Visitor: 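First, the structure itself, so that you have it in front of you.
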There are 2 protein chains.
Amino acid sequence: MAPKFRPVTLKQVAESARVSRAAASFALSGRPGVSEDTRNRVLKIAAELGYSPNQTAQNLRSSRTGIVAVYLPENVSALGYYMEATFGIIDAAELSGRTVTLVPHTNGAPHATRLNADGLIIIDPTLEDPHVDKLLGLGLPVVTGEEMPDPNHRVSGAVIADHASSTRAILDRFAAAGSRAPAIITTKERMSWSMSIERCYRDWCAERGLDARIEVSAMDLIVEDTRRATRKLLDDGTTDAILALTDGSVLTVAGYAAESGRRIGKDLFIAAAVDSPVLGYMNPSVTAVDLNPRDFGQRCMNMLERVLDSEQAEVQGPLTELVPTRVVFRDSTGA
Amino acid sequence: MAPKFRPVTLKQVAESARVSRAAASFALSGRPGVSEDTRNRVLKIAAELGYSPNQTAQNLRSSRTGIVAVYLPENVSALGYYMEATFGIIDAAELSGRTVTLVPHTNGAPHATRLNADGLIIIDPTLEDPHVDKLLGLGLPVVTGEEMPDPNHRVSGAVIADHASSTRAILDRFAAAGSRAPAIITTKERMSWSMSIERCYRDWCAERGLDARIEVSAMDLIVEDTRRATRKLLDDGTTDAILALTDGSVLTVAGYAAESGRRIGKDLFIAAAVDSPVLGYMNPSVTAVDLNPRDFGQRCMNMLERVLDSEQAEVQGPLTELVPTRVVFRDSTGA
DNA sequence: CGTCAATACTAAATCGATTAAGTGAGCTGC
DNA sequence: GCAGCTCACTTAATCGATTTAGTATTGACG
């Protein structure tokens with residue numbers, strides 16, 4: 001067997017530079033206490049030896065884990081949004097040398113007790129999800145992507161996309177294109193973003209004296225449910241526009257609409273509250289909201305870092321950050 | 001501020017049980033060296049205090065990180081397969097107390113030097129991906145999901161799905177349904193699985209004296225490319241069956257086919273080499289290969305654990321595990 | 001009774017970094 | 001000429017668990 005590769009330690013750097021480990025540590029961390037000469041010598045030798053500090057030892061010393069846990073809703077593998085947001089979190093974490101791990105949904109027991117992490121990011125917390133309660137009980141700093149649906153659950157901060165603006169923009173566009181009876185298909189699971197879209201839709205309808213036409217679809221049965229919801233909306237013959245919540249479900253809507261003879265962009269307008277590359281290439285292309293999930297994930301991580309870095313500091317109220325959204329208008333909402 | 005919560009340490013357990021830290025450690029780890037009485041007392045007290053060992057300290061002592069890194073191909077957020085496989089890895093890792101982290105694609109520099117992990121799982125390594133080389137140069141034990149496309153790259157093990165069987169089964173089904181000129185749309189990126197499907201398709205055609213009709217589509221432009229490829233295949237008027245590689249791209253194939261007046265399942269048969277829930281609910285439903293990605297991910301993790309646990313042991317050849325696949329026949333390949 | 005061995009423990013070193021406390025040299029100011 | 005101070009460093013404690021080496025007690029046996 002090859003001689004086991006042993007990484008260079010601070011001790012070796014210190015010996016090589018003929019200083020104590022403490023001096024070497026001061027030099028490398030940029031803290032005062034060593035002369036410029038010594039600092040430069042240490043830095044040079046560290047670079048030559050290819051020294052890089054042992055994260056585990058640093059973590060032990062500072063009694064942190066260096067790990068940030070991320071919790072995603074269940075049954076969302078089909079939604080590219082979540083993977084993009086996760087990679088956004090990872091990109092931001094990389095810069096600060098933190099490790100990101102995903103919390104499994106299955107094995108309920110282990111989390112009940114302890115999660116080996118310094119902080120937690122929960123993306124799209126769902127009212128119905130029992131795991132969310134447990135995770136909050138762990139006493140970790142928590143930042144959510146979108147708000148906690150139950151305001152009794154206090155968290156350290158939340159990054160929130162501006163769904164209200166994009167929803168209004170889409171509904172206005174529907175109206176401008178000639179729609180008189182727009183409907184929405186929302187998620188059965190109650191999450192902050194879908195609830196806020198629904199609220200915004202109700203308000204918009206109320207302002208215009210229209211009936212709200214709302215159908216729901218469960219995430220784990222999204223194709224089946226959306227198909228059923230679409231049929232219900234279209235078969236009455238009056239609904240002339242549909243805002244579907246996810247990029248996947250709008251495909252189902254489009255499919256059923258085509259089967260039942262509706263011409264999308266002409267006598268039926270559709271849009272999705274979450275964009276994905278496929279929507280731009282459909283025929284006709286489909287209007288959708290670009291949520292910029294990578295950027296969103298990065299912001300969640302950055303906020304959590306702010307929280308972690310100011311742990312000892314004065315207790316400020318929960319942080320909140322509103323992120324703008326952008327509607328990409330395409331053929332499905334009129335030319 | 002609330003008194004900072006400090007987890008129970010081994011020292012506290014030991015003091016509470018009136019034994020040394022070493023004795024407590026022996027008792028808890030189940031190693032000989034303490035009497036049954038003492039062991040039970042320590043276990044009881046540990047349970048009462050809610051002791052759970054500090055992972056970071058254990059890792060430092062054993063000079064491991066407790067972290068397994070996972071590398072996914074770029075631009076695959078739209079493919080639920082990868083997220084499912086990742087969760088499979090995580091589920092398996094949870095059982096052995098390991099942490100899973102994803103390797104970011106962006107920041108090239110950091111990985112060049114070091115990756116803070118005990119081992120690495122690379123899912124679908126791509127010949128064109130320069131990161132893969134770098135990652136292999138890190139000297140970590142590596143297990144791949146699907147084979148390394150370049151056999152010069154040696155790894156500790158590989159978990160491989162049996163794409164040959166499923167591909168043959170689909171092609172045979174095309175033929176049984178009446179197809180005389182089946183085609184495939186493969187990935188531009190050269191990965192083991194798509195290459196093996198392509199090879200299998202060529203062999204199958206050769207055996208029957210048919211021309212191979214092969215088009216390619218890049219992952220990052222999959223919708224556009226697949227549409228172009230489909231047009232090319234269908235516009236010559238002879239192609240009567242298409243095997244598309246991904247669940248997403250088969251939708252594009254179906255869309256274009258419908259636009260150009262082909263009736264899927266009647267005068268055009270289609271299938272996908274990767275299944276996803278949406279395919280079962282399409283109209284008509286689409287035949288696809290169930291790769292059971294969660295199970296696949298678990299197997300990757302289990303193999304890596306075997307490798308890590310036998311680090312010191314005799315050098316065996318690289319491990320290989322062939323996982324069966326299952327074709328789910330649906331309406332798109334004939335009634 | 002003395003020797004040897006086994007049992008059940010304790011003391012201390014270790015993993016690799018950070019950091020509080022301590023030391024000696026050199027300089028200032030009165 | 002010396003108290004007092006700063007600077008540049010070293011020593012040693014620390015984080016929490018594991019593990020090696022060492023010690024005291026017991027029992028067996030010739």
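In what follows, chains are A, B, ... by sequence order, proteins preceding strands, each numbered from 1. Just so it is clear, the structure is predicted and the values come from calculations on it, not from any experiment.
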Visitor: Under the side-chain contact (heavy atoms from CB on, under 4.5 Å) test against A:Tyr71, which residue among A:Asp129, A:Ile123, A:Leu115 passes?
Guide: A:Asp129
Visitor: Which heavy atom of B:Asp124 sits nearest a heavy atom of B:Trp193, and at what distance?
Guide: OD2-NE1, 3.3 Å
Visitor: Any carboxylate oxygen within less than 4.0 angstrom of a Lys/Arg side-chain nitrogen, looking at A:Asp295 and A:Arg299?
Guide: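 A:Arg299 and A:Asp295: salt-bridged.
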Visitor: Near DNA chain D, counting only heavy atoms under 4.0 Å, which residues of residues 22-43 of chain B show up?
Guide: B:Ala22, B:Ser25, B:Phe26, B:Arg31
Visitor: Only counting residues at least two apart or in another chain, list the ones meeting side chain to side chain donor-acceptor pair (under 3.5 Å) with B:Ser16.
Guide: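 B:Ser16 satisfies side chain to side chain donor-acceptor pair (under 3.5 Å) with no residue once adjacent residues are dropped.
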Visitor: Ignoring hydrogens, what is the shortest heavy-atom contact between A:Leu10 and A:Arg21? Give both atom names and the distance.
Guide: CD2-O, 3.8 Å
Visitor: My understanding is that only one of B:Ile121, B:Val143, B:Asp118 makes a side-chain contact (heavy atoms from CB on, under 4.5 Å) with B:Val68; could you say which?
Guide: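 The passing option is B:Ile121.
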Visitor: Tell me, yes or no, whether the heavy-atom count around B:Arg190 atom CZ, taken from other residues, nucleotides or ligands under 6.0 Å, exceeds 12.
Guide: no
Visitor: Restricting to side chain to side chain donor-acceptor pair (under 3.5 Å), what partner residues turn up for A:Asn292, sequence neighbours left out?
Guide: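 In terms of side chain to side chain donor-acceptor pair (under 3.5 Å), with neighbours along the sequence ignored, A:Asn292 is linked to no residue.
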Visitor: Can you list the steps and then say if A:Glu305 with A:Ser96 is a side chain to side chain donor-acceptor pair (under 3.5 Å)?
Guide: CA-CA 9 Å; A:Glu305 283 177 351; A:Ser96 61; 2.3 Å; yes
Visitor: Heavy atoms of chain B, cut-off under 4.0 Å: which first and last nucleotide of DNA chain D, 5' to 3', fall inside that, if you could look?
Guide: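 From 5' to 3', the first and last contacting nucleotides are D:dG16 to D:dT20.
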Visitor: Checking B:Ser20 now: which residues fulfil side chain to side chain donor-acceptor pair (under 3.5 Å) with it, not counting sequence neighbours?
Guide: none
Visitor: Tell me: CZ of B:Arg61 to P of C:dA12, nearest whole Å?
Guide: 17 Å
Visitor: Using a heavy-atom distance cut-off of less than 4.0 Å, which residues of residues 44-53 of chain B contact DNA chain D?
Guide: B:Tyr51, B:Pro53
Visitor: Find the distance B:Lys11:NZ to C:dT10:P and express it as a whole number of Å.
Guide: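 Value for this atom pair: 15 Å.
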